Amino acid sequence: MPELPEVETYRALATRALGRTIAAVEAPDAWFLKAGLRPDVVVSTLTGARFVADRRIGKLLLLDTDIGVVVGLRFGMTGRLLVDGIAAIARLEYAGARDNTTWDRFVVRFADGGDLRVRDPRRLGGVAFDPDESRLGVDALAVTPSQLSALLRGSTAPLKARLMDQTRLAGLGNLLTDETLWRAGLDPARPSGSLSGPERRRLHRHLRRTLTELSARGGSHTGDLHIARSRGACCPADGAPLDRRTVGGRTTYSCPVHQH
DNA sequence: ATTGTGGCCTGCCCGC
DNA sequence: TGCGGGCAGGCCACAA
């Protein structure tokens, strides 16, 4: 599903859409529009405008326009971005293999004939104008060791829940978090504030490494833990049967032997 | 304020 | 072969 690496790929693809005049907008699914946005408002506002910058904070893709409005795109767990018929990601975990234009929830047509579209089978994503960027924490790709320590310190919430709290750290979803904690040898259910200094530094190191490695491999579903889980239920590191639990309200896989 | 829970949405997989 | 229940998780509203 779209976590930070996928949305970063979407952002790079969206660069193709910059500077092109918007000739038409289709918002066929009013439910997909968030924060009170209405289809007629989306259409009338964006028609004639142009995107001038692409940005990303965590899993939120931001497209600045030349009229001052910022278009915020969220992709939920099955949303994909296509520009000029090019998909940033061909197939998405959990999203199904088929392509279907009836899943296009938001389409921007350019005067030159191309288009930008959000294709989301399960409709868990959304489009908003001027999303509140201050509600998102520091981006997981940019977080410093001291920032990570600060957001963990003093909290009794499970480590996994804290790392997935988008208001504190933006970009990690279920798969990336499980993979990072598995690599760092940390129990997802540990109280966040219980980590020692060395453990926090270890977590930071593995967070960075996991993000860059999985991005290079092709996405948040390419982690060693995730791949192993689909084959069997044994830890790829030490062969122990993996634990399957609910932590922070999410299905969680971890190794009882090397994660503490 | 912080932490926890349930519901939204729908394609797909499994068992009958 | 068809059917139905359960599952997946990002995000938000709401409860404690």
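Numbered from 1 within each chain, the chains take letters A, B, ... in sequence-line order. Values in this document were obtained by computation on a predicted structure and should not be read as measured data. Just so it is clear, the values below take in all heavy atoms, side chains as well, and ignore hydrogens, waters and symmetry mates.
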| task | Return no unless some side-chain N or O of A/T156 is found under 4.0 Å from OP1 or OP2 of B/dT3. | result |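 Looking at the OP1 and OP2 atoms of B/dT3, one of them is under 4.0 Å from a side-chain N or O of A/T156.
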| said: It should be established whether A/T251 places a side-chain nitrogen or oxygen under 4.0 Å from OP1 or OP2 of nucleotide C/dA8. | reply: yes
| Looking only at heavy atoms, which two atoms of A/L242 and A/C234 are closest? And how far apart? | CG-C, 3.8 Å
Could you give the side-chain donor-acceptor pairs of residues 46-54 of chain A under 3.5 Å, partners two or more places apart or in another chain?
| from | atom 1 | to | atom 2 | distance (Å) |
| --- | --- | --- | --- | --- |
| A/T47 | OG1 | A/V43 | O | 2.6 |
| A/D54 | OD1 | A/R11 | NH1 | 2.5 |
| A/D54 | OD2 | A/T15 | OG1 | 3.1 |

Rounded to whole Å, how long is the line connecting atom [atom1] of [X] with atom [atom2] of [N]?
X	N	atom1	atom2	result
A/L163	B/dT3	CG	P	13 Å
A/W31	B/dG7	CH2	P	15 Å
A/D178	C/dA8	CG	C1'	13 Å
A/R122	B/dT10	CZ	P	11 Å
A/Y253	C/dC7	OH	C1'	10 Å

| message | So does A/L195 get a backbone contact from the side chain of A/R200, meaning a donor-acceptor N/O pair under 3.5 Å? | response | yes
| said: Tell me if the aromatic rings of A/F75 and A/Y10 count as close, with their centers under 6.0 Å from one another. | reply: yes
| task | Give a yes or no on whether A/R135 atom CZ has more than 12 heavy-atom contacts from other residues, nucleotides or ligands under 6.0 Å away. | result | no
| query | Toward the 5' end of DNA chain B, which comes first, A/G248 or A/R168, by nearest nucleotide? | reply |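 Checking each residue's closest nucleotide, the 5'-ward one belongs to A/R168.
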| field | Toward the 5' end of DNA chain B, by each residue's nearest nucleotide, A/R105 or A/D165 | value |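 The answer here is A/D165.
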| field | Student check: side-chain heavy atoms of A/L60 and A/Q166 closer than 4.5 Å | value |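 A side-chain contact under 4.5 Å is absent here.
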Just the atom pairs and distances: protein N or O near nucleotides 10-13 of chain C's N or O, under 3.5 Å.
| from | atom 1 | to | atom 2 | distance (Å) |
| --- | --- | --- | --- | --- |
| C/dG10 | OP1 | A/N174 | N | 3.3 |
| C/dG10 | OP2 | A/N174 | N | 3.1 |
| C/dG10 | N7 | A/R250 | NH2 | 2.7 |
| C/dC11 | OP1 | A/R74 | NH1 | 2.9 |
| C/dC11 | N4 | A/R250 | NH2 | 2.4 |

